[in-house]
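Working notes, beginning with the structure itself.
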Amino acid sequence: MLWVAIIGLVMTAVAVALAGRRVLFLFRLATSGQPAPERIEHAKANVGTEIKTQLVEVFGQRKLLKWTPSGTAHFFVMWAFFILASVYLEAYGALIKGAITGTPDFHIPIIGTWPVLGFLQDFIAVACLLGLVAFTAIRLKNSPKKLGRDSRFAGSHLGGAWLTLFMIFNVVWTLFLARGAAINTGNFPYKSGAFASEAVAKILPSGETAGEVLEGAGLLLHIGVMLVFLVLVVNSKHLHIFTAPLNVLFSRRPDGLGAAQPMRSNGKELDFEEADPEVDVFGRGKITDTTWKGFLDFYTCTECGRCQSQCPAWNTGKPLSPKMLILDQRDHALAAAPYLLAGEEARAGFGEDVLALLDKPLVAEDGVIHPDVLWSCTNCGACVEQCPVDIEHIDHILDMRRYQVMIESSFPSEAGVMLKNLENKGNPWGMSEMKRAEWIEELDFEVPIVDEKMPEDVEYLFWVGCAGALEDRAKKTTKAVAELLHIAGVKFGVLGPMEACTGDPARRLGMEFLFNMLAQQNIETLNEAGVKKIVATCPHCFNTLANEYPQLGGTYEVIHHTQMLAHLVEEGKLTPITPIEEKITYHDPCFLGRHNKVYSQPRDIMAKVPGVQTQEMHRHKDRGFCCGAGGARMWMEERIGKRINTERVDEALTTDPDTVSTACPFCLVMLGDAINEKKNAGEAKETLEVVDVAQLLIKSIKGA
């Protein structure tokens, strides 16, 4: 057995050296990017949470198991890697002991002869084989050759995926070969339990010489396949085996949704008063502007296409695929890596073609990412929600948008009008701030307008929002919420003309400077007024006030109107009485649902309204489909593919509803526009309308 040990150890040394060299290269490439100390600091400060997250996300495969068939297959294949590590420990032990004593009858100390371990090893290996069969079936069923862009694997590196499945298969069959041969030679550590290995042993030659040769060959094959696989893994998309736990560790909590991250340069938050575009990094213009966490995202993408399959832009014929956004950056980073890591002196000798690669813009018509890809994003968060390895696609998109807007001044022209209106009038429509309180005149009770300080008897500030105050359809929601709060006895006031846009459209477009200006103005107003509690009807305002203003020193208790109304109904302070005999389908607003996990309260309200028959759309809750207005798309023309709001209304119409309900003024406008188009084309009932949940509730309470 000496020759077997020598060959095995030489193979191991070569493979480990090759894999180690690749890992060092990937580490150097990632750390050549921008620092992200906040990621490490957060992980250090939340050790308990991170351990729990690793157990649930990595070992428990929570996000993967949302898609049951493929998730279950992946669960068993992944656990095969963990459990079969004990088989490789046995293999190397047999290799070394065989070289020393001539008899490769090694077993792991203490537990190495327990039948339960032998059974577990065989069980997981068989389950892994079944998982490979499932993966093969899934890939054949969803082949891009058959489905085109409808396949979630469209754009993925398919050859690497098939090679990975083939190598895992090789790991399993060589395992059974080596174990079956060891049973026949008497060197197998388990007397019972290893049912599959025992079955293989019965069909292998059992002679002494043949058994020893097969055992040695099986051992070398098993180890050799693993070593080849190791080298392939660190050079392929299957690198996620090692990087996924790290990416989960350093990802945002509770996930990459909710707040957009502040702009950072060289690891520090950017101070716009002192920032210098010549020195500081404004967003992401070139691959070198990417943080090491961004590179970790590149390495970790499994190319599974779950994000792509859920993306509203991709599903309506637009060029944005969240998966390809990551892969295109990764491929560019790897192509430029030898030159990025060469150092200043070496770069001086490069030709123009190499320098062009280094300076290639991330976003341009001839760049890494086409502008149409960047501006198709609605920030809906479907990609981040579905990604099983916690890639933060929206952070990548926002950083690239920031560079385009603030440095290149390159963005859709219609958005420029919106930015000018925000800067000059404090709202996207450019209306006078005095119009913000006009809706109050249509009520039959008094609503206090906070002038300087919140009155002592006023508990909540009602943040009306730009749409809620200025857009006719959204004003109906505003009045309904105000009436409901009044009926329930909740003391509230509004800022009226003192309220300005929260800055969400500016920030999601990439104009961080304007967002900061608006946010600081509002925070100063709120703090001077002594505001502690806020109720908001717009999920975009709700998200910004609750999750983003704390970044700038504005910390408040913020609640969405559906949360408050559901609570008031539950307490009996609001009692829906009049039946509404309608079939209603509810549309989840992205910034209320996925970004802030508010799914139950709007449904709870509708469930308490007598007569309402609810019917869910196919895509709902965490897989809900966007209305098309997020990411500042509300103020941009949709020129490519099918309109997202039209796609969503088409889906709503499949439920044959009398009413479409929602809980967001943006959704109200977008879905309403699409429904009106359908009515004009004779494709929808004339009586069909879209209303806010609050409108349903007030209708039932007042009987009007």
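Treat the numbers as computed from the prediction; the structure is a model and nothing was measured. We count residues from 1, following the sequence as given.
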CG (Asp271) and CG (Asp276) are apart, to the nearest 0.5 Å, by 12.5 Å
Is the charged tip of Lys621 near the ring of Tyr599: under 6.0 Å from the six-membered ring centre and within 45° of its axis?
no
For this session: Would you check if the side chain of Lys583 reaches a backbone N or O of Thr655 as a donor-acceptor pair within less than 3.5 Å?
Result: yes
In this structure, OG1 of Thr555 is separated from NZ of Lys532 (nearest 0.5 Å) by 10.0 Å
For this session: Could you walk me through whether Phe411 and Met511 pass the side chain to side chain contact (heavy atoms under 4.5 Å, CB included) test, one step at a time?
Result: CA-CA 10 Å; Phe411 50 89; Met511 180 53 84; 5.6 Å; no
Requested in this report: Mark yes or no for whether Asn645, through its side chain, and Gly628, through its backbone, hold a donor-acceptor pair below 3.5 Å.
Outcome: no
inquiry  = I'd like to know whether the aromatic ring centres of Phe666 and Trp635 sit less than 6.0 Å apart in this structure.
reply    = yes
Separation between CD (Glu647) and CZ (Phe625), nearest 0.5 Å, reads 5.0 Å
Can you confirm whether or not the ring centre of Tyr403 sits under 6.0 Å from the ring centre of Phe282? no
Handout entry: Over 12 foreign heavy atoms within 6.0 Å of CD, Glu365
Key = no
Given His620 and Arg603, is the side chain to side chain contact (heavy atoms under 4.5 Å, CB included) satisfied, shown in steps? CA-CA 12 Å; His620 62 279; Arg603 291 173 170 83; 4.0 Å; yes
Between Glu269 (side chain only) and Met263 (backbone N and O only), is there a donor and an acceptor less than 3.5 Å apart? no
Rounded to the nearest 0.5 angstrom, the CG-SG distance for Leu325 and Cys377 is 8.5 Å
Q | Flag, side chain of Arg507 to backbone of Ala260, donor-acceptor distance under 3.5 Å | A | yes
**Request:** Indicate yes or no for a side-chain donor-acceptor contact from His370 to the backbone of Ala364 under 3.5 Å, with no hydrogens or angles considered.
**Result:** no
Test Arg253 against Ser251 for side chain to side chain donor-acceptor pair (under 3.5 Å), laying out the working first.
CA-CA 7 Å; Arg253 293 284 170 264; Ser251 62; 2.8 Å; yes
Between Arg284 and His396, does a side chain to side chain donor-acceptor pair (under 3.5 Å) hold up when you go through it step by step?
CA-CA 8 Å; Arg284 194 182 304 178; His396 289 260; 2.8 Å; yes
message: So does Cys501 get a backbone contact from the side chain of Asn522, meaning a donor-acceptor N/O pair under 3.5 Å?
response: yes
Subject >> Check: Asn427 side chain, Met431 main-chain N or O, donor-acceptor pair, under 3.5 Å >> reply: yes
| CD of Glu438: more than 12 outside heavy atoms within 6.0 angstrom? | yes
Check your understanding: Does Arg401 use its side chain to pair, donor to acceptor, with the backbone of Gly631 at less than 3.5 Å?
Key -> yes
If we ignore hydrogens and angles and just use 3.5 Å, is the side chain of Arg508 paired with the main-chain N or O of Gly630 as donor and acceptor? no
*Any chance NZ of Lys491 has more than 12 other-residue heavy atoms, nucleotides or ligands included, within less than 6.0 Å?*
no
When Val447, Thr477, Thr478, Leu470 are each screened for side-chain contact (heavy atoms from CB on, under 4.5 Å) with Val464, the one that passes is Thr478
